Enquirer: 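The structure under discussion is supplied below as structure tokens; questions concerning it will follow.
Source: prediction; values computed, not measured. Residue numbers begin at 1 in each chain, while the letters A, B, ... track the order of the sequences.
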Number of protein chains: 4
Amino acid sequence: MIRYMTSGESHGKQLTVIIDGIPAGLKLNVEDINKDLERRRGGFGRGERAQRIEKDKAEIVSGVRWGQTIGSPITIVVKNADWENNKKIMSLDAKDLNEKMFLLRPRPGHADLPGAMKFDRGDLRDILERASARETAARVAAGSIFKKLLYELNIKIYSFTREIAGIEASVKDILSHKIISDIEASPVRTPDKTQEKQMMNEITKAKNMGDTLGGVFTVVAKGVPVGLGSHAQWDLKLDARIAQSLVSIQAVKGVEFGIGFEYSSRPGSKAHDEISYSKEKGFTRKTNNAGGFEGGITNGHDIVVSCAVKPIPSLMMPLKSVNIKTKKEEVAEKVRSDVCIVPAVGVIGESVVAYELARAVKEKFGADSVDELKENLNSYLHQIKNF
Amino acid sequence: MIRYMTSGESHGKQLTVIIDGIPAGLKLNVEDINKDLERRRGGFGRGERAQRIEKDKAEIVSGVRWGQTIGSPITIVVKNADWENNKKIMSLDAKDLNEKMFLLRPRPGHADLPGAMKFDRGDLRDILERASARETAARVAAGSIFKKLLYELNIKIYSFTREIAGIEASVKDILSHKIISDIEASPVRTPDKTQEKQMMNEITKAKNMGDTLGGVFTVVAKGVPVGLGSHAQWDLKLDARIAQSLVSIQAVKGVEFGIGFEYSSRPGSKAHDEISYSKEKGFTRKTNNAGGFEGGITNGHDIVVSCAVKPIPSLMMPLKSVNIKTKKEEVAEKVRSDVCIVPAVGVIGESVVAYELARAVKEKFGADSVDELKENLNSYLHQIKNF
Amino acid sequence: MIRYMTSGESHGKQLTVIIDGIPAGLKLNVEDINKDLERRRGGFGRGERAQRIEKDKAEIVSGVRWGQTIGSPITIVVKNADWENNKKIMSLDAKDLNEKMFLLRPRPGHADLPGAMKFDRGDLRDILERASARETAARVAAGSIFKKLLYELNIKIYSFTREIAGIEASVKDILSHKIISDIEASPVRTPDKTQEKQMMNEITKAKNMGDTLGGVFTVVAKGVPVGLGSHAQWDLKLDARIAQSLVSIQAVKGVEFGIGFEYSSRPGSKAHDEISYSKEKGFTRKTNNAGGFEGGITNGHDIVVSCAVKPIPSLMMPLKSVNIKTKKEEVAEKVRSDVCIVPAVGVIGESVVAYELARAVKEKFGADSVDELKENLNSYLHQIKNF
Amino acid sequence: MIRYMTSGESHGKQLTVIIDGIPAGLKLNVEDINKDLERRRGGFGRGERAQRIEKDKAEIVSGVRWGQTIGSPITIVVKNADWENNKKIMSLDAKDLNEKMFLLRPRPGHADLPGAMKFDRGDLRDILERASARETAARVAAGSIFKKLLYELNIKIYSFTREIAGIEASVKDILSHKIISDIEASPVRTPDKTQEKQMMNEITKAKNMGDTLGGVFTVVAKGVPVGLGSHAQWDLKLDARIAQSLVSIQAVKGVEFGIGFEYSSRPGSKAHDEISYSKEKGFTRKTNNAGGFEGGITNGHDIVVSCAVKPIPSLMMPLKSVNIKTKKEEVAEKVRSDVCIVPAVGVIGESVVAYELARAVKEKFGADSVDELKENLNSYLHQIKNF
């Protein structure tokens, strides 16, 4: 059983993630994690904060010894590089309480208001500090480890920006080696050079207006064996679990597998991926409309899943709101923020898909060491081959 | 903690669902359940099977006594009315094994092939019997109970067909009393009389072609208090849990909250629901683009969530496939089926949303009896009012 | 992930259990289950009810086809053979409510009073029907399947009575083949012929006094590979999980592993099982004081775990109580019951230990078919051998 | 839902615990936690290490702001004060790998051997670092918070040493105020002054012999309302969950509720706690043999649960073992250790019982703020009073 919990507030001392169930013998070093953290920070359209404050590094403080996992829970800490400036506002100490610092004007689209009502807090900061997408730095750190584990099994996970502000990238051949390196080189993480420029233009325009932009990103997992997830009980369906993990990312408001919402306008005869067979490749399909899932089970083709990302609700040109203390209408708190985070959310998406795949792999193959895991996978692949 | 498990094969003796955690003192009778089962069976575009075979009734066999729940797990059985005809093919007995009856040609889009490979079964029936959407009859039966519990708290759940085969209904004023009764009266469960005809035409055409159709349905929950779900940990976000539950429904390939994928083309200034306040209503918004969620927490507005439904992969004009024994290309098994199930899946959607809401309600308010639950809800509503 | 839920009231229509996660391809027939149900019913000291009312049989209603599991959840139903006589008292129908039938005098030692207060029920029957040990028939039915699965991996589970009413059996050589068959032949399920007579005498005496007796039973699992469970997180320790499962059995008030409470009076130098090695057997120990666990992990020796069973709190010579309606002191309800259930509880103990082992096996080895499970186990055993 | 995960190795950089689900508005300061950490470190019979190395302090790094919890997950870090000396041996860096430092001679009674075989590690340190009872410092830190929450509800948790090396304390009147302060003042945490001396003598003797001693401790929870836990499903029984949590503590080999194993020699007529009633106190019992549980539900009396603790398996006079590399018989690794930890384990026992109670309280009463929790509890207590 692989599981993880994160903690930490946006301006707090540190983010922490504990990851349970990673097999022993996985080679790990903190640089892999930092590389992903950097990918998450990046993207044209990110504000100063992402660049400056989040320049911090991951540190592994448990579960790894002499370059390898040892079966213990792994803990990663991402310290807040700007902690000195936040010490008072995030102090543990009751005597630092300062009503003048209370945030009182909830931002529409954020957890501010419903969270404060639920937890009965007079200062919106008590909610927004945790609801902030900064939390996903911890998930991305964990995701690096899940990806590393999957990589040992030849499962690789990518993401790209499919759309920003209504401008759709055209993406063929999901995802060739060439395309993947194009994506990583693109400031908006899209492989379509033409649309990339348009997207960047839109971001610049929105920035100038004090506005923000949403979009769609796609996560692709390649090399996934047939048979992860199960049709047998509702909560074992792997696509459904992936949906939960993706929607749990801040700002994600929709998710679709393969052609997703386009299914609604295609007849069955043009929707499903017909099956063929060859001795070398076994069972295959020419299309992958299903995005790699049938009946909640991976079918051996790439997992392709896309998410709608709403524009960030922290606007420099703030929306109408109400002061929770005076109940007077005022504009929402102005919090320094990004213009467009779609490229970054793609990286977060990779992380949570990696989690769900690693978890499903462990459920199917068990194993307490990487060698045992590979052994079990291989003997299953042999069984599949002779099916 | 409310949870449930279902069991049973499509042509097996019975479906069963055990539901744990319903407070004591909830008035229940089997007729409410049967009404929902009937709604699930209905809809223009359903095949004979839904009508004939599934005419069976629910039976409560535990957890209810003298008209009320008593705190024990509730068990509902839905017997297979056609069991006599399936006794051999679904026999428990090893001596009934009959290789001639094996289903060998997997249907693209179904769990048939990946399931058989995963579980190492030579007869596709071993998979498709459980993967079948017939399982959802058990979930709808459970859903009736969740809805009944929520109803005690003034939370009501509806659904309607938003789109079939690319034809979109126009739905204003989600969801007035009048509209709800229109939906229930509509053969395709849509409130738009004009589009209803178009949808029905498309279904008739598809039927004549031996084809199938997908679409989009929307589930709406009204009367949901602010504060269900939590931003504090990724797996506590209620919209994400609802996404899992919805994607776990057979044929659902996408899910979106509020305006969902449309967020990707709206700037922040036009995307979020501005906050206002009045003494009578407390905090409100004029729009509900967010579909009732901010930060994974309900914000007191209607939950509005929509799902993409793929066309049923069981076609009368079957797709290309491969015989799993001979490895020769053949057409897929032809299983009697429906043309369009979108209206019915909406009813299933209500059930799983009801589950997630009931579970979240129990997490927030605890309680072992309906009276205690109401008491705790009311004292929270009082707190909210004075926030 | 293997899990199960039970439902059903003692005098209700049926008990039900749904079991999730059993690999496909396990040969099952209902007779194995019925054999265990019969073992649970037996034992010198059981009342008429166990013999008469519980003569019912298990029926598998899902998850098995043509003699094998198919990966679907398995459902077992145990019908109440005496249902006709209980129809009114356990009716679903509100119109059968009859205040005269209310049970009002809680039995000390049962869930009657705390349960009724918790769930706010005026009729104690609403609680005691579910709290009754009759529920364990469902767990024993499930246990048969877990044992069958473990048997495929050469893990075998036994139980015996260690003590009744202070009379302790002397048990050497836990557990040779000979001893096992002695146990199954003994009316009190103990291998010590001398003490068996004493135990039976005590039971007879207690019966004549209208009293009841407790005792201690031991469950032994043989053939368990080293390495089930984990030290890495508190809730992964397998001995702790087994403790939960055992204490969850009605009437169990204590549990100990190996020499258990005797550890408290032994110095470390005489407490632990020293390690030796031989080429044929690998690492071994001459003693097994630890009962097969070190650090929450199986160490390859027999699991030996014992439980204290309280005397049944339903006495023919009832204890003092209070009428919950009038608040007057009265004697407790007199419910027909057994004198001593220790031998039977041992059988239930086997079932829940089998559950925890099957669950741990699945966590360690994964697998969706019995063949895959064996393959993974064997490759691990090979790894262990070369450690 | 309250849950927690710990991480960290005994000589690693730090222990970490993340706690999820604590309501907002709980006043917390780190001194309460440090006080419990100190209690855990203490006790006559502890070695130098407990005193020296563990002198470190807890630090709260998330979830608390301006003196109160805010609904976010709480993270506590306990740094290793001796980290500088362990940096090489516990380095993350592959280049620090040093085969000469490998621990090769497993200690009988520890996870060393089964853990190394399971996770396929050549250095026993990879296992023993995590299996070490040092991990419980994290659990005790978490336990302080659970206790604090319970204290707000007037639930208080204590522990004492019942037995060391076969010497039993006589404890009457569990637990008056006077007795509690006696316990805290006692070097072995026992209220029996006479036996205290004997216990200390035995510890001194054992120390001189290079041996270790076990014993029994008891945890008592006072002020627990009737109705926590549930009889309705096996895994909801609260005594069973407490049993799991207690057995998950390193060195605990048995657990019993109330008179526990003594039940086995008492007839029913002398075993159960007869019920009486008074207007002021409601339903009461003169005895509490059951230790506060009936049917897995709290009955309003003190929870009394005792645990058998094995003598520490790290002996200065080491036991026979086998070198895992050479397979030659050698004595086990000699790791500096304590002579008797029973008094300390009692403190750990408090922590895990507090966890299970806090979790059960949250399940029964829900609530996201301490005020809401109290409100719900009070309205339930009112219901109970009028039952």
Side-chain angles (χ1 to χ4, degrees), chain A residues 106 108-111 114-115 117-118 130-131 163 165-166 206 211-216 226-227 231-232 234 237 239-241 243-244 247-248 253-257 260-261 263-265 267-269 271-275 277 294-295 297 299 308 310-313 315 319-322 327 384 387, chain B residues 106 108-111 114-115 117-118 130-131 163 165-166 206 211-216 226-227 231-232 234 237 239-241 243-244 247-248 253-257 260-261 263-265 267-269 271-275 277 294-295 297 299 308 310-313 315 319-322 327 384 387:
Chain A
H110 271 299
M117 294 174 86
K118 173 188 180 73
R130 177 64 188 159
E163 182 182 332
D211 214 333
T212 58
L213 294 177
V216 177
V226 68
H231 68 292
W234 73 272
K237 302 199 180 190
D239 47 0
R241 288 178 175 185
Q244 179 186 4
V247 175
S248 83
K253 295 294 282 186
V255 59
E256 60 179 8
F257 292 84
F261 277 85
Y263 269 117
S264 65
S265 50
S269 55
H272 302 295
D273 307 306
E274 294 186 314
I275 301 169
Y277 183 87
E294 288 170 310
I297 305 171
N299 68 3
K310 69 182 180 189
I312 295 184
L315 278 77
L319 301 170
K320 282 183 202 162
S321 184
V322 172
K327 308 293 190 285
I384 286 302
F387 177 77
Chain B
H110 271 299
M117 293 174 86
K118 174 188 180 71
R130 178 64 189 159
E163 183 182 331
D211 214 333
T212 59
L213 295 177
V216 177
V226 68
H231 68 292
W234 73 272
K237 303 201 180 188
D239 47 0
R241 288 180 176 183
Q244 179 186 3
V247 175
S248 83
K253 295 295 280 187
V255 59
E256 60 180 7
F257 291 85
F261 277 85
Y263 269 116
S264 66
S265 50
S269 55
H272 303 295
D273 306 306
E274 295 187 313
I275 301 171
Y277 182 86
E294 288 170 312
I297 306 172
N299 67 3
K310 69 181 179 190
I312 295 184
L315 279 76
L319 301 168
K320 282 184 202 162
S321 184
V322 173
K327 309 293 190 284
I384 286 302
F387 178 78

Enquirer: Donor-acceptor pair, Q244(B) side chain versus A240(A) backbone, under 3.5 Å?
Expert: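 No; judged by distance alone, with no hydrogens or angles, the pair does not exist.
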
Enquirer: Taking every heavy-atom pair that is under 4.5 Å apart, which of A206(B), G260(B), A271(B), G109(B) has the most such pairs with chain A?
Expert: G109(B)

Enquirer: May I ask you to name which of I297(A), L315(A), D211(A) has the most heavy-atom pairs under 4.5 Å with chain B?
Expert: D211(A)

Enquirer: Which pair of non-hydrogen atoms, one from A232(A) and one from R130(B), has the smallest distance, and what is that distance?
Expert: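 That would be O-NE, 2.8 Å.
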
Enquirer: Among R241(B), H110(B), K237(B), K118(B), which residue forms the greatest number of heavy-atom pairs with chain A at distances under 4.5 Å?
Expert: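 The answer is K118(B).
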
Enquirer: Not counting sequence neighbours, which residues clear ring-ring contact (aromatic ring centres under 6.0 Å, His included) with F257(B)? List them please.
Expert: F293(B)

Enquirer: Kindly give the heavy-atom pair with the smallest separation between S264(B) and E163(A), and that separation in Å.
Expert: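 For S264(B) and E163(A), the tightest heavy-atom pair comes out as OG-OE2, 2.9 Å.
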
Enquirer: Let me know if V226(A) has heavy atoms under 4.5 Å from chain B in its side chain, its backbone, both or neither.
Expert: side chain

Enquirer: Chain B heavy atoms under 4.5 Å from N299(A): which part of the residue, side chain, backbone, both or neither?
Expert: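 Backbone plus side chain of N299(A), per the 4.5 Å heavy-atom cut-off to chain B.
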
Enquirer: Which residues pass the side-chain hydrogen bond (donor to acceptor under 3.5 Å, both in side chains) test with S265(A), sequence neighbours left out?
Expert: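 Partners of S265(A) under the side-chain hydrogen bond (donor to acceptor under 3.5 Å, both in side chains) test: none.
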
Enquirer: Tell me, side chain or backbone of I384(A) under 4.5 Å from chain B's heavy atoms, or both, or neither?
Expert: both

Enquirer: Count the heavy-atom pairs under 4.5 Å between each of G268(A), G166(A), G214(A) and chain B, then report the option with the highest count.
Expert: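 Greatest number of close heavy-atom pairs with chain B: G268(A).
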
Enquirer: For chain A, which of G295(B), A165(B), S248(B) has the most heavy-atom pairs under 4.5 Å?
Expert: S248(B)

Enquirer: Can you give me the closest heavy-atom contact between H272(B) and L319(A), atom names plus distance?
Expert: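 Between these two residues, the closest heavy atoms are CB-CD1, 3.5 Å.
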
Enquirer: Can you give me the closest heavy-atom contact between V216(B) and F261(A), atom names plus distance?
Expert: CG2-CD2, 4.0 Å

Enquirer: If you tally heavy-atom pairs under 4.5 Å against chain A, which of G115(B), P106(B), P108(B) wins?
Expert: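 Most pairs with chain A among the choices: P108(B).
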
Enquirer: Under a 4.5 Å heavy-atom cutoff, which of V255(A), D273(A), T212(A) has the most pairs with chain B?
Expert: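 Among the listed options, the one with the most contacts to chain B is V255(A).
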
Enquirer: Quick check on the interface: out of Y277(A), Y263(A), W234(A), who has the most heavy-atom pairs with chain B under 4.5 Å?
Expert: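 That would be W234(A).
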
Enquirer: Pick whichever of P267(B), A131(B), A243(B) has the most heavy-atom pairs under 4.5 Å with chain A.
Expert: P267(B)

Enquirer: Looking at K327(B) and F387(A), what are the two nearest heavy atoms and their distance?
Expert: NZ-O, 2.9 Å

Enquirer: Grab the two heavy atoms, one from I275(B) and one from V322(A), that are nearest each other, plus how far apart they are.
Expert: O-CG2, 3.6 Å

